J.: 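This is the structure I want to talk about, given as structure tokens.
Remember, it's a predicted structure, so these values are computed and weren't measured experimentally. Naming convention: chains lettered A, B, ... in sequence-line order (proteins, then strands); numbering from 1 in each chain.
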There are 2 protein chains.
Amino acid sequence: MPKRIRDKQAPDASDRLRAAGLRPTRQRLELAGLLFGMGDRHLTAEGLHAEARAAGCKVSLATVYNTLHQFTGAGLLRQVMVDASRSHFDTNTGSHQHFYCEDEGRLIDIPGEAVAVSGVPKPPQGMAVDRVDVVIRLRRA
Amino acid sequence: MPKRIRDKQAPDASDRLRAAGLRPTRQRLELAGLLFGMGDRHLTAEGLHAEARAAGCKVSLATVYNTLHQFTGAGLLRQVMVDASRSHFDTNTGSHQHFYCEDEGRLIDIPGEAVAVSGVPKPPQGMAVDRVDVVIRLRRA
DNA sequence: CAATAGTTTAGAACAGTTCTAAACAAATAA
DNA sequence: TTATTTGTTTAGAACTGTTCTAAACTATTG
């Protein structure tokens, strides 16, 4: 019984973590709850940390960084590079692209199938395409 | 006569700077020489600083940062965001896209007309597209 | 229940970048 | 020219986001 209690928010989260070779600790489960419990999200490390603390989770910033990287490595998150000063993490790991509002620092998903990129030349010898990132930068109209 | 001597490397560089509201100082002219004197380039601030020092230019890192930002503001450079830890500056300000070799941290231009992006949805109310960035991330094949 | 292996943490360390205030150089006025 | 104003450079301090460290802790395994 005690074994199940803390998994109540996401019954399968423990298994998802185990499958990724990560122990389902309190911190990881709580962070997973915040990240995956409410649709697609874009968060920075400090943003998630603040949110966790506000929600009463006792987690250190170091653990937030560790967890974000581990989740990214496990394919549960994707790191988005749009801003020189902070890394953003996207809970939507499917193939899709982004709008980025420069002034607000806000990311908005563009559904995967919508955008098509054509005319990409062959990569240089010995290199293969890993992925194609499209960022549509927006300014106040 | 002394007035022209230090402009020998780039006869019009002084005027380009003046047109941008920047005084053509020794440092700015020397950096401009390195940046624009040899085709399209991709440089980081520290990279340019190292190159300048190696070429015997006495320039501080602070000035390199200032200059890169001023040149970017003047439309002579473009800032490329591909790497979480460093900013890259591109001397090619025309419309074009990039290959990015993750492991080497190297950028390669893709000519502007080559790549086409289609199917971009209308931006949210009150926002306008500023530009569309495409980064094709490469890994060792 | 003990032993082991993985995790968390506070705080120090780090890298890249920006800031500060004083020295300096260029442009302008006289 | 020289004096004055305005813009620029600089060393170093400060700052920010991120990573590292080593000790305490927790989950899992034997």
J.: Between B:Asp15 (CG) and C:dA27 (P), how many Å, whole number?
T.: 12 Å

J.: Mind checking whether B:His96 and B:His98 have parallel, tilted or perpendicular rings, split at 30° and 60°?
T.: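 Perpendicular.
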
J.: Could you tell me how far apart B:Glu30 (CD) and D:dT10 (C1') are, to the nearest whole angstrom?
T.: 15 Å

J.: May I ask you to say what B:Thr44 touches in the nucleic acid, namely base, sugar-phosphate or nothing, with a heavy-atom cut-off under 4.0 Å?
T.: nothing

J.: Counting only side-chain N and O atoms of A:His49, is one of them less than 4.0 Å from OP1 or OP2 of D:dG17?
T.: no

J.: Distance check: side-chain N/O of B:Arg26 vs OP1/OP2 of C:dA26, anything under 4.0 Å?
T.: no

J.: Are any of B:Thr63's side-chain N or O atoms less than 4.0 Å away from OP1 or OP2 of D:dT10?
T.: yes

J.: Output the rounded distance in Å from CG (A:Leu22) to C1' (C:dA5).
T.: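 After rounding, the reported distance stands at 14 Å.
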
J.: Can you check whether A:Thr25 has a side-chain N or O nearer than 4.0 Å to OP1 or OP2 of D:dA27?
T.: no

J.: Counting only side-chain nitrogens and oxygens, does A:His69 get under 4.0 Å of the OP1 or OP2 atom of D:dT18?
T.: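 False: A:His69 side-chain N/O out of range (4.0 Å or more) of D:dT18 OP1/OP2.
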
J.: Taking atom CZ of A:Phe99 and atom CG of A:Asp109, what is their separation to the nearest 0.5 Å?
T.: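 Reported value, rounded in 0.5 Å steps: 10.5 Å.
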
J.: Has B:Gln27 got a side-chain N or O lying under 4.0 Å from the OP1 or OP2 atom of D:dT10?
T.: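 The answer is yes; a side-chain N or O of B:Gln27 sits under 4.0 Å from OP1 or OP2.
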
J.: Compare side-chain N and O positions of B:Arg18 against OP1 and OP2 of C:dA27 and report whether any pair is under 4.0 Å apart.
T.: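 Result: yes.
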
J.: Would you say A:Val82 and A:Leu138 are hydrophobically clustered, going by side-chain heavy atoms of ILVMFWY under 4.5 Å?
T.: no

J.: Scan B:Arg26, B:Arg28, B:Gln27 and name whichever one has a side-chain hydrogen bond (donor to acceptor under 3.5 Å, both in side chains) with B:Glu30.
T.: B:Arg26

J.: Hey, does the side chain of B:Tyr65 come within less than 4.0 Å of C:dT18's phosphate (OP1/OP2), counting only N and O?
T.: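 No, no such contact exists.
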
J.: What nucleotide, of D:dT8, C:dT7, C:dT18, holds the atom closest to the side chain of B:Arg23?
T.: D:dT8

J.: Starting from P on D:dT21, measure out to CG on A:Leu61 and report it in whole angstrom.
T.: 17 Å

J.: Let me know the distance between NZ of A:Lys58 and P of C:dT9, rounded to the nearest Å.
T.: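 Answer to the nearest Å: 10 Å.
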
J.: Could you tell me the separation between the CZ atom of B:Arg86 and the P atom of C:dG16, rounded to a whole number of Å?
T.: 4 Å

J.: Give one of base, sugar-phosphate or nothing for B:Ser85, where a contact means two heavy atoms less than 4.0 Å apart.
T.: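 Sugar-phosphate: the residue B:Ser85, judged by heavy atoms under 4.0 Å, touches backbone atoms but no base.
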
J.: Among C:dT17, D:dG7, D:dG12, find the nucleotide with the atom closest to the side chain of B:Ala62.
T.: D:dG12

J.: Under the criterion side chain to side chain donor-acceptor pair (under 3.5 Å), I'd like the reasoning laid out for B:Gln79 against B:Ser87: C-alpha separation, chi angles, the key distance, then a yes or no.
T.: CA-CA 7 Å; B:Gln79 195 165 359; B:Ser87 268; 2.9 Å; yes

J.: Which whole-number value in Å describes the distance from A:Gln70 CD to C:dG6 P?
T.: 12 Å

J.: Calculate the interatomic distance between B:Met81 atom CE and D:dG17 atom P; express it in whole Å.
T.: 14 Å

